[in-house]
Amino acid sequence: MRLEALLQSKFGFSAFRPGQKEIIESVLSGRNTVAMLPTGTGKSLCYQLPGYMIEGQVIIISPLLSLMQDQAEHLMMNGEKKVIAFNSFLTRGEKKQALIHLNQYKFIFISPEMLYYESVLSQLKKLRIALFVVDEAHCISQWGYDFRPDYLKLGEVRKIIGNPVTLALTATATAEVKADIKKSLGILDCSEFIYSVDRPNIALSVERLENFREKTERLVELAGILQGPGIIYFSSKKMAEQSAELLRDKGAKRVMAYHGGMDQESRILVQQQFIHGQLDLICATSAFGMGINKDNIRYVIHFHMPLQIESYLQEIGRAGRDGNQSIAIMLYAPGDEQLPIQLAESELPDKAQIDWIKEWIEENPNAIQNIGPFEEQIKQRSGLTDVQWRIFNDFFEKKSKSGLDYRRILQEMKEYYEGRIKLKRDSIEEVYKWIYKKTCRRESILSCFDEEKNASVPSCCDICGLQLENFLRNTNSDNQESPLYDWKNHLEYLLIPSE
DNA sequence: CGCGTTGGTCGTATGACCAACGCGGTGCTATACT
């Protein structure tokens, strides 16, 4: 009862949503906890409420600045003053001040990168930490190995600051990812609260087409007839932009692109316009999604295949949060799997680059002690991208500390990368096989999460039978709000060869 | 890897053909400079 009373007085809710209470009780009893809750709201309550019941600070590790800002703001709107998003939006002076007065805050949002700074760690060590929260914890597994290595250091950080009670929150994690989370955080012995990842109101469909052109034509067609709002996912920024333009050319007025190459301001603008119903359609890369709280998205189309089933689930999971019928359509043409393979492989330094670095070290033996200052030189001459360099440097530094010979390190590195690439190829193949599956698509996705389809789903998937008509825009309504484009003229457009 | 784009060839008007080339995602931070 005490929990319910606090829920009412602090947050104004009269009842918990499924899962929340169990998770909160687990955390309050001092157990490390992994919680996998369906997408949508409700996860943040799992750390906010305990925060008010335990003495000390709540540290929340967040993957995105925008998420941090959002959540901090949200808490402040709710009357909480002792909140800080400790990130690069603060000036140097503000950071310094905040560090000195860290113990005056209740909720501290921070990125894995910032967390690892010595100045931050030494201050954190002095605190009495009530709860260590890892939000979107699948990032550990999904980003830690070859994109944001600081994600893999969370366990080390946790140890340094005295093994505080830890709560890992995510919406999608396979058994492997879950194991990864527990292992890297060092919480092998923990409580688990796992809820189904199934979203019965999202119909699943794969359309196999002959080639790129056919896919594009089908995309234009679908965007013209489907009930919006919708998201179309691409694995190329250029394609996302070109397609948004193409759809506008075909008459769709309220379409915008969204990708990581855009400046922060336009990204926020597009996102806000979409959330507030001023746009019907977003042509996006995987940059679009986390933190998007819009409950009436009716369809998600994939023009390119994602690199993992989980990413797919995350991306389509943005549809139908209101519980109404929605659809996810994957467009596939033979050869499409090459793009994700290429993306996965280009992420890590290749053998030739590692060999190049080996030669460079032979010519510059003094650099081994501290290779960091040579970053620009090495990057420029070996052709390593920023991400590749960081992954390389992280591995090199870690192994150097343990006193390994550089030749041995580079050899181990090659082997390690080879293993990573194999894993990535395997997960791409899983998506590929799923596309060619002849059995229920929901069933096979769920099986990746060790789940079974236990109820019959009315509009399940293209294999079980699906009426696309159920997802079309109501053409009778002369709704001036969203005249996406003139569907009747559409076929004629398609007959005109593109310029 | 395989797609689309680009630009050259042919040989005299337009477009068919082909080889060469480029492209391909996700975010944090600091520092020095304007």
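Here is how names work: the chains are called A, B, and so on, in the same order as the sequence lines, proteins then strands, and each is numbered from 1.
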Original post:
Does the side-chain ring of A:F212 sit on the six-membered ring of the B:dC3 base, less than 5.5 Å centre to centre and under 30° in tilt?
Top reply: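 It does not: the two rings, one from A:F212 and one from B:dC3, miss the stacking criterion.
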
Is the distance from OP1 or OP2 of [N] to the nearest side-chain N or O of [X] less than 4.0 Å?
X	N	value
A:S111	B:dT29	yes
A:S286	B:dT26	no
A:R425	B:dC1	no
A:T285	B:dT26	yes

Rounded to the nearest angstrom, tell me the gap between atom [atom1] in [X] and atom [atom2] in [N].
X	N	atom1	atom2	value
A:R92	B:dC33	CZ	C1'	13 Å
A:E376	B:dA32	CD	C1'	13 Å
A:R390	B:dT26	CZ	P	14 Å
A:D336	B:dG25	CG	P	15 Å
A:I428	B:dG25	CD1	P	14 Å
A:F288	B:dG27	CZ	P	13 Å
A:L90	B:dT31	CG	P	15 Å
A:H304	B:dG2	NE2	P	15 Å

Over all strands shown, is [X] touching base, sugar-phosphate only, or nothing at heavy-atom distances under 4.0 angstrom?
X	answer
A:H259	sugar-phosphate
A:K95	sugar-phosphate
A:N87	sugar-phosphate
A:P334	sugar-phosphate
A:P63	sugar-phosphate
A:F234	nothing

Pairwise [atom1] distance for [N] and [M], with rounding to whole Å:
N	M	atom1	answer
B:dT12	B:dA16	C1'	15 Å
B:dG7	B:dG11	P	23 Å
B:dT14	B:dG8	C1'	16 Å
B:dA32	B:dT26	P	29 Å

Original post:
Does the ring of A:F274 carry A:K294 above it, NZ/CZ under 6.0 angstrom from centre and within 45° of its axis?
Top reply: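 Satisfied, under 6.0 Å and within 45°.
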
Original post:
So, A:D462 and A:S205: side-chain donor and acceptor under 3.5 Å apart, yes or no?
Top reply: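 No, no side-chain donor-acceptor pair sits under 3.5 Å.
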
Original post:
Any luck finding a side-chain donor-acceptor pair between A:Y432 and A:R425 under 3.5 Å?
Top reply: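 No, because no side-chain N or O of A:Y432 sits under 3.5 Å from a partner of the opposite role on A:R425.
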
For [N], which nucleotide in any strand shown is its Watson-Crick or wobble partner with both distances under 3.5 Å?
N	result
B:dC33	none
B:dG4	B:dC21
B:dT9	B:dA16

**OP:** For A:H101, look at atom NE2 and say whether over 12 heavy atoms of other residues, nucleotides or ligands are found less than 6.0 Å away.
**Re:**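 Above 12, so yes.
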
**OP:** May I ask you to check whether over 12 heavy atoms, not counting those of A:E415, lie within 6.0 Å of atom CD?
**Re:**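 Check passes, neighbour count above 12.
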
From the list [options], which nucleotide is the closest neighbour of the side chain of [X]?
X	options	answer
A:M114	B:dG24, B:dA30, B:dG27	B:dA30
A:S88	B:dA30, B:dG24, B:dC1	B:dA30
A:L64	B:dG27, B:dT26, B:dG24	B:dG27

Original post:
Is any side-chain heavy atom of A:V133 closer than 4.5 Å to a side-chain heavy atom of A:L169?
Top reply: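 The answer is yes; the side chains approach within 4.5 Å.
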
Subject >> Distance (rounded to the nearest 0.5 Å) between A:I108 CD1 and A:L102 CG >> reply: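 CG of A:L102 is found 4.0 Å from CD1 of A:I108.
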
